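Just so it is clear, the structure is predicted and the values come from calculations on it, not from any experiment.
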Amino acid sequence: MIIGVGEMIDRPADPAAALEPLALMAAAVRAADDDAGGGFLARIDSLDVINLVSWRYDRVAARLAERLGITPMRAVYGVVGGETPTTKIHEAAIRIMNGDSIVAVVTGGEATNAVAKAKAAGVALDWTPPAAQPENPIVASDHVTPLAMRHGIVQPAHIYPFYDHAAAAAWGMTPGDALAEAGAIWAAFSQVAAQNPGSWGRSAFNAEQITTATPDNRYIAWPYTKRMVANPAVNQAGAVLLTTLAVARAAGIPEHRMVFVHGGAGAAEPVDYLARDQFGHSVAQDAVLDAAMAVAPGGFGAVELYSCFPIVPKMARRSLGLAADAAMTVCGGLSFFGAPLNTYMTHATCAMVRHLRATPAAHALLYGQGGYVTKHHALVLGSGVPEPDTLMRPRDVQMEAEAMRSPVPPLALDHEGAAEVETFTVVHDREGAPAYGSIIGLTPAGKRVFARIDIAEVGALERLDASPVGAAGTVTVAEDGLQHWRF
């Protein structure tokens with residue numbers, strides 16, 4: 001079970017005084033130890049560090065262990081992925097269940113805000129010297145295929161709209177309806193964040209303030225404004241401490257402060273977004289949430305749905321059967337609480353543990369996601385001791401996801417002629433003006449095309465704003481070798 005959680009937030013007036021990520025994580029781990037009553041640091045035998053981006057370290061887990069003055073038998077630095085905190089907490093619980101660990105900690109932290117401010121001010125940070133070859137760096141992935149790069153559709157904000165537009169059409173919603181749902185969800189998230197002392201952002205917004213483009217809330221990619229996307233410019237760290245029931249009881253930890261890991265599951269979509277069966281939902285997400293609901297047949301007393309972009313909780317809440325106005329976060333979301341890149345779900349776990357201590361529930365859900373609707377992992381927590389077999393359920397439900405997958409349309413990148421819109425995205429520039437767009441379409445033979453669209457063309461932007469999913473168009477192959485779309 002989880003016996004301690006700790007968080008650290010750093011807001012120095014002078015960027016030169018900012019704490020580096022290793023220091024932030026060390027403080028969070030110590031806070032988790034204090035939360036558990038103290039005395040567990042030296043007993044940590046398993047250390048997982050979530051992948052960080054804001055500073056170039058080598059030997060990340062070893063360096064953190066040295067700062068903490070501990071010598072765990074296992075010290076591992078993770079790979080990139082927003083789902084990795086839930087995955088690593090789940091794996092730590094399994095190791096403890098199997099007798100391979102007694103006291104484990106999962107931690108992550110970022111200082112992106114401090115790095116950016118120091119660079120802007122020309123301030124040298126007196127931190128651990130950056131490594132020439134950092135451990136597990138972010139590298140160009142299969143998401144960023146040469147074709148995607150030529151289209152300029154490579155960032156998360158460029159790709160999530162594919163799902164947002166396709167899902168809205170599949171649900172029979174107008175663009176206005178879909179935007180209103182997103183605004184209502186995000187407004188509720190901002191209210192939770194405003195009450196969370198660990199939040200980077202402390203302001204609550206209404207739906208109109210979130211979805212309406214203004215000079216300080218420009219469009220990033222239609223329909224997402226700045227307040228609708230994750231905010232990584234933070235200095236935050238979190239840590240989660242786990243052990244056995246016997247050790248917790250021997251340490252005198254009150255039963256009401258123990259939060260048990262009941263189980264969970266993970267699955268993934270193909271990394272190349274053009275190799276997915278459709279964009280109206282994610283079969284990997286569906287399989288993962290189905291597995292979580294099987295662990296908690298009576299439902300969840302609280303949920304945290306990953307919230308890098310509104311489409312993620314919009315899809316998840318439908319898979320879970322939640323109402324549109326259901327509470328979907330206990331932490332505050334990546335736009336408002338803050339998005340320390342891969343480690344938001346560490347903070348969400350901290351918030352959920354505090355929530356369950358204050359408001360016990362048989363089951364609560366933590367759902368994390370990584371990549372571009374790519375990797376999914378759900379973790380079920382609860383206030384009481386789980387049934388003996390729940391943590392032994394298979395945590396890999398990839399086969400279940402594949403069984404739900406429809407045939408993937410083959411790419412027809414040389415197709416010219418008729419096609420209909422499957423989904424689309426429109427990328428905006430730094431001033432918030434529409435810059436370019438791409439359409440994923442289907443030929444009459446059911447093959448997939450990927451075509452640029454000239455938004456300067458008369459009427460094109462109006463058609464896109466009206467969400468033309470299912471509309472007919474014509475594809476040609478231009479001199480640049482890319483397919484181009486015209487309505």
Is there a donor-acceptor contact under 3.5 Å linking the side chains of [X] and [Y]?
| X | Y | result |
| --- | --- | --- |
| Thr346 | Thr349 | no |
| Thr87 | His377 | yes |
| Glu402 | Gln398 | yes |
| Glu269 | Thr374 | no |
| Thr145 | Asp272 | no |
| Thr128 | Arg59 | no |
| Ser335 | Trp186 | yes |

Backbone N/O of [Y] and side chain of [X]: donor-acceptor pair under 3.5 Å:
| X | Y | value |
| --- | --- | --- |
| Ser190 | Ala187 | yes |
| Arg318 | Lys314 | yes |
| Thr359 | Leu356 | no |
| Gln369 | Cys308 | no |
| Asn342 | Asn51 | yes |
| Glu135 | Val60 | yes |
| Arg56 | Ala131 | yes |
| Asp10 | Leu19 | yes |
| Arg317 | Met328 | no |
| Trp55 | Pro129 | no |

_For Val103, run the side-chain contact (heavy atoms from CB on, under 4.5 Å) check against Leu41, Leu241, Asp33, Ile3 and tell me which one passes._
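By the side-chain contact (heavy atoms from CB on, under 4.5 Å) criterion, Val103 pairs with just one of Leu41, Leu241, Asp33, Ile3: Leu241.
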*Residues Met25, Ile50; criterion side-chain contact (heavy atoms from CB on, under 4.5 Å); working and verdict*: CA-CA 10 Å; Met25 288 186 286; Ile50 304 303; over 6 Å; no
Measure the shortest side-chain to side-chain distance between [X] and [Y] over non-hydrogen atoms and say whether it is less than 4.5 angstrom.
| X | Y | result |
| --- | --- | --- |
| Thr211 | Arg227 | no |
| Pro156 | Phe309 | yes |
| Ile253 | Met258 | yes |
| Thr112 | Asn235 | no |
| Thr343 | Leu52 | no |
| Val192 | Cys331 | no |
| Glu110 | Val53 | yes |
| Thr423 | Gln278 | no |

*What's the verdict on side-chain contact (heavy atoms from CB on, under 4.5 Å) for Ile102 and Val247, showing C-alpha distance, side-chain angles and the deciding distance?*
CA-CA 8 Å; Ile102 302 298; Val247 168; 3.7 Å; yes
If the threshold is 4.0 Å, N to carboxylate O, is there a salt bridge linking [X] and [Y]?
| X | Y | value |
| --- | --- | --- |
| Asp35 | Arg357 | yes |
| Arg405 | Asp286 | no |
| Arg67 | Glu20 | yes |
| Asp216 | Lys226 | no |
| Arg218 | Asp429 | no |

_Let's go through Asn217 and Thr212 carefully: what are the C-alpha distance in whole Å and the side-chain angles of both, what is the deciding distance for side-chain contact (heavy atoms from CB on, under 4.5 Å) to 0.1 Å, and is it a yes or a no?_
CA-CA 7 Å; Asn217 188 41; Thr212 302; 5.5 Å; no
Taking all heavy atoms of [X] and all of [Y], pick out the closest pair and write down the distance.
| X | Y | answer |
| --- | --- | --- |
| Gly280 | Met315 | O-SD, 4.1 Å |
| Pro386 | Val261 | CG-O, 3.9 Å |
| Met1 | Leu245 | CE-CA, 3.0 Å |
| Cys350 | Ala239 | SG-O, 3.5 Å |
| Pro232 | Ala230 | CD-O, 3.3 Å |
| Ser282 | Val373 | CB-CG1, 3.9 Å |

Relative to the ring of [Y], is the ring of [X] parallel (under 30°), tilted (30 to 60°) or perpendicular (over 60°)?
| X | Y | result |
| --- | --- | --- |
| His363 | His262 | perpendicular |
| His165 | Trp222 | parallel |
| His158 | Tyr436 | perpendicular |

[atom1]-[atom2] distance between [X] and [Y], expressed to the nearest 0.5 angstrom:
| X | Y | atom1 | atom2 | answer |
| --- | --- | --- | --- | --- |
| Glu7 | Leu24 | CD | CG | 12.0 Å |
| Asp45 | Arg43 | CG | CZ | 9.5 Å |
| Ile96 | Ser46 | CD1 | OG | 7.5 Å |
| Leu334 | Ser307 | CG | OG | 4.5 Å |
| Tyr344 | Thr86 | OH | OG1 | 12.0 Å |
| Ile44 | Leu68 | CD1 | CG | 6.5 Å |

*Given Tyr372, Tyr163, Tyr160, Phe162, the one that forms ring-ring contact (aromatic ring centres under 6.0 Å, His included) with Tyr273*: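 That would be Phe162; it is the only one of Tyr372, Tyr163, Tyr160, Phe162 passing the ring-ring contact (aromatic ring centres under 6.0 Å, His included) with Tyr273.
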*Evaluate the criterion side-chain contact (heavy atoms from CB on, under 4.5 Å) for residue pair Val303 and Thr329; output intermediate values, then yes/no.*
CA-CA 6 Å; Val303 301; Thr329 182; over 6 Å; no
*What do the steps show when you test Glu83 against Tyr367 for side chain to side chain donor-acceptor pair (under 3.5 Å), and what is the final call?*
CA-CA 8 Å; Glu83 87 297 345; Tyr367 161 64; over 6 Å; no
*Can you list the steps and then say if Asp100 with Arg74 is a salt bridge (Lys or Arg N to Asp or Glu O under 4.0 Å)?*
CA-CA 10 Å; Asp100 297 324; Arg74 177 185 173 279; over 6 Å; no
*May I have the step-by-step check of salt bridge (Lys or Arg N to Asp or Glu O under 4.0 Å) for Glu66 and Arg63, ending in yes or no?*
CA-CA 5 Å; Glu66 290 164 4; Arg63 287 184 183 276; 5.5 Å; no
*Partner set under salt bridge (charged side-chain N to carboxylate O under 4.0 Å, His left out) for Arg202, not counting sequence neighbours*: none
